[in-house]
Amino acid sequence: MNWNEVIENAKGKAVKCRFCPECNGIACKGQIPGLGGKGSGSSFIRNVEKLKEVRINLDVLAENRPIDTSSTLFSYPVSLPVFIAPIAGIKNNYGAELSESDYTEAVVKGAIDAGTLAFCGDGVNPNMFFEPVDIIQKYDGLGICTIKPWSQGGIDERINYIKDKKIFALASDVDAAGLPLLRNAPFPVENKSVEALAKLKKQAQVPFIVKGVMTVEGALKALEAGADAIVVSNHGGRVLDDCLATIEVLPNIKKTVGDKMTILVDGGFRSGKDVFKALALGADGVLIGRPIGLAAIGNHAEGVTFYLKKIQSELAETMIMTGCNKISDISEKCVTVLK
Ligand SMILES: Cc1cc2nc3c(=O)[nH]c(=O)nc-3n(C[C@H](O)[C@H](O)[C@H](O)COP(=O)(O)O)c2cc1C
């Protein structure tokens, strides 16, 4: 298998994707449902563009040790600090025939086979949350569920469902608070205060991750609520036009809360060298979204595993060229951010 074959397999099955040589949000701008960013698409586009302004400092003069890409998430060992971002609505957004549950199984299994973990999505129909929970049970709880910031009734019905079930962690994509479709749901999404987040963290009873933090103030609020991790994310540019890029806001967030909680980031990461840049600027791990959808549509779990291993080998190559033997060697000294 090679990546071109996976992409060829996905072509014709993901009719809403433009299959651009670079997945950068330009051709699909404004396409929601679809794969684009909201409005002018500028938040998605900027995520990708700003990553190019982070240059890598070549420095091979180091001890000649084996390269080790392994890391941990909440002390659980992973083969690389890369996770699968939650993606819901595979039919609506990719135009794919693949069912939501087949997609979920492909990402959960594909991630485990590559030695890491997948986040799963949520939607207006509670089954969009329940089905991933059930699939994760088949894999010994090795998956992360994501709950939208519903008003309390919607939270409670989902939390009740995970009681007595095994999941690795619970995330909440708090940045979905303004999505029009979800604002009209039976339990409409809403803004969450520190108190509301703290309540959700308490209800979760597993590590709790706040996804969709883009400011130092937001990170401090997530910390105050007791979150174990945040995902620095603008939802792939799908919730607000004209945002900063995630790689731009990451360093200050790291400086403020980095020694107190785990910091993940997503948005526009497409290669092992992009992952390296995030790690250098303070992330403990990176989530990848859109390309994983194509991998799953093309070759199911095998495609997902293949994609993650490709990212892992690109990360290892970058580590060789920067004299980093292990993930903890990667620091801000390894990159230069262009002004
Ligand atoms: C089609 C699509 C569906 C998504 N669904 C969800 C979701 O259900 N929950 C969530 O937290 N994020 C969702 N996201 C956002 C992703 O989890 C992630 O933040 C973003 O896609 C990362 O950027 P990337 O796709 O450029 O890698 C979705 C993104 C896309 C493109």
Side-chain angles (χ1 to χ4, degrees), residues 14 16-18 20 22-26 28-38 41-51 82-96 98 100 103-104 107 118-129 131-132 143-150 158 169-179 181-182 185 189 209-214 229-240 243 245-247 264-271 274-275 278 283 285-297 307-308 311:
K16 291 195 183 172
C17 181
R18 308 295 185 90
C20 304
E22 179 185 63
C23 175
N24 56 16
I26 293 174
C28 59
K29 59 185 171 192
Q31 292 179 8
I32 304 178
L35 291 167
K38 184 173 176 164
S42 73
S43 300
F44 176 6
I45 294 167
R46 191 174 178 100
N47 281 344
V48 176
E49 287 302 314
K50 284 288 160 182
L51 267 170
V82 174
F83 307 93
I84 296 180
I87 286 195
I90 202 81
K91 273 190 205 301
N92 259 351
N93 291 309
Y94 285 85
L98 193 66
E100 206 69 20
Y103 175 73
T104 301
V107 294
F119 286 65
C120 301
D122 188 7
V124 173
N125 183 337
N127 285 330
M128 303 268 287
F129 182 85
E131 267 184 14
I144 299 168
C145 294
T146 309
I147 191 168
K148 298 244 176 261
W150 308 114
R158 287 165 178 78
L170 183 72
S172 182
D173 51 330
V174 293
D175 55 358
L179 287 174
L181 187 71
L182 309 184
V189 287
I209 305 167
V210 178
K211 178 172 180 284
V213 171
M214 286 293 289
I230 52 172
V231 186
V232 175
S233 174
N234 55 26
H235 216 100
R238 292 168 71 81
V239 290
L240 179 66
C243 281
T246 54
I247 198 73
L264 308 173
V265 65
D266 74 13
F269 296 88
R270 300 290 177 259
S271 65
D274 287 347
V275 170
V286 173
L287 277 59
I288 300 181
R290 293 170 177 91
I292 294 279
L294 295 181
I297 291 165
Y307 181 80
L308 289 167
I311 297 287

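Both ligands and their constituent atoms are indexed starting at 1 by order of listing. Everything quoted here is computed from the prediction, not taken from an experiment.
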Which of the atoms in ligand 1, numbered in the order shown and given with their element, are less than 4.0 Å from a heavy-atom of Ser233? 19 (O)
Side chains of Met128 and Glu100, heavy atoms from C-beta outward: is any pair under 4.5 Å? yes
Which residue and heavy atom of the protein sit nearest atom 15 (C) of ligand 1, plus the separation: His235 CD2, 3.5 Å
What are the atoms of ligand 1, with element, lying closer than 4.0 Å to any heavy atom of Lys148? 7 (C), 8 (O), 9 (N)
Interatomic spacing from CD1 in Ile84 to CG in Asp266 - rounded to 0.5 Å: 13.0 Å
Which of these, Lys211, Lys148, Arg238, sits in a salt bridge (Lys or Arg N to Asp or Glu O under 4.0 Å) with Asp173? Lys148
Numbered atoms of ligand 1 (with element) below 4.0 Å of Asn93, judged on heavy atoms: 1 (C)
Any atom of ligand 1 sitting under 4.0 Å from a heavy atom of Gly89? no
Proximal ligand 1 atoms for Gly289, defined as those under 4.0 Å from one of its heavy atoms: 24 (P), 25 (O), 27 (O)
State the atoms of ligand 1, each with its element, that fall below the 4.0 Å cut-off from a heavy-atom position in Ala88. 3 (C), 4 (C), 5 (N), 6 (C), 8 (O)
Taking all non-hydrogen atoms of both residues into account, name the closest pair between Cys243 and Ser43 and its distance. N-OG, 2.9 Å
Numbering as shown, the atoms of ligand 1 that approach Gly268 to under 4.0 Å (heavy-atom distance): 23 (O), 24 (P), 26 (O), 27 (O)
Ligand-side contact atoms (ligand 1) for residue partner Gly236, heavy atom cut-off under 4.0 Å: 19 (O), 20 (C), 23 (O)
Which of the ligand 1 atoms, numbered from 1, are nearer than 4.0 Å to a heavy atom of Arg238: 1 (C), 2 (C), 29 (C), 30 (C), 31 (C)
Closest protein heavy atom to atom 19 (O) of ligand 1, given as residue, atom name and distance to 0.1 Å: Asp266 OD2, 2.6 Å
Are Asn234 and Asn47 linked by a side-chain donor-acceptor pair shorter than 3.5 Å? yes
Check whether any side-chain heavy atom of Pro126 lies under 4.5 Å from a side-chain heavy atom of Arg158, and answer yes or no. yes
Can you tell me how far CD1 of Ile288 sits from CG of Leu308, rounded to the nearest 0.5 angstrom? 7.0 Å
Among all protein non-hydrogen atoms, which one is nearest to atom 12 (N) of ligand 1, and what is the separation to 0.1 Å? Lys211 NZ, 3.0 Å
I need the Leu51 CG to Ile247 CD1 distance, nearest 0.5 Å. 5.0 Å
Within the structure provided, determine whether Ile230 and Leu264 are in side-chain contact (heavy-atom separation under 4.5 Å). no
Considering non-hydrogen atoms of the protein only, which is the closest contact for atom 26 (O) of ligand 1, and what is the distance? Arg270 NH2, 2.7 Å
Leu182 CG to Trp150 CH2 distance, which is reported to the nearest 0.5 Å: 4.5 Å
Among all protein non-hydrogen atoms, which one is nearest to atom 24 (P) of ligand 1, and what is the separation to 0.1 Å? Arg290 NH1, 3.4 Å
When distances are taken from atom 10 (C) of ligand 1, the protein heavy atom at minimum range is Asp173 OD2, 3.2 Å
Look at atom 23 (O) of ligand 1 and say which protein heavy atom is nearest, naming residue and atom and giving the distance to 0.1 Å. Gly267 CA, 3.4 Å
May I ask you to establish whether Arg290 and Phe44 are in a cation-pi arrangement, using a distance under 6.0 Å from NZ or CZ to the six-membered ring centre and at most 45° from the ring axis? yes
Would you mind telling me if ligand 1 is within reach of the side chain of Pro86, the backbone, both or neither, using heavy atoms under 4.0 Å? both
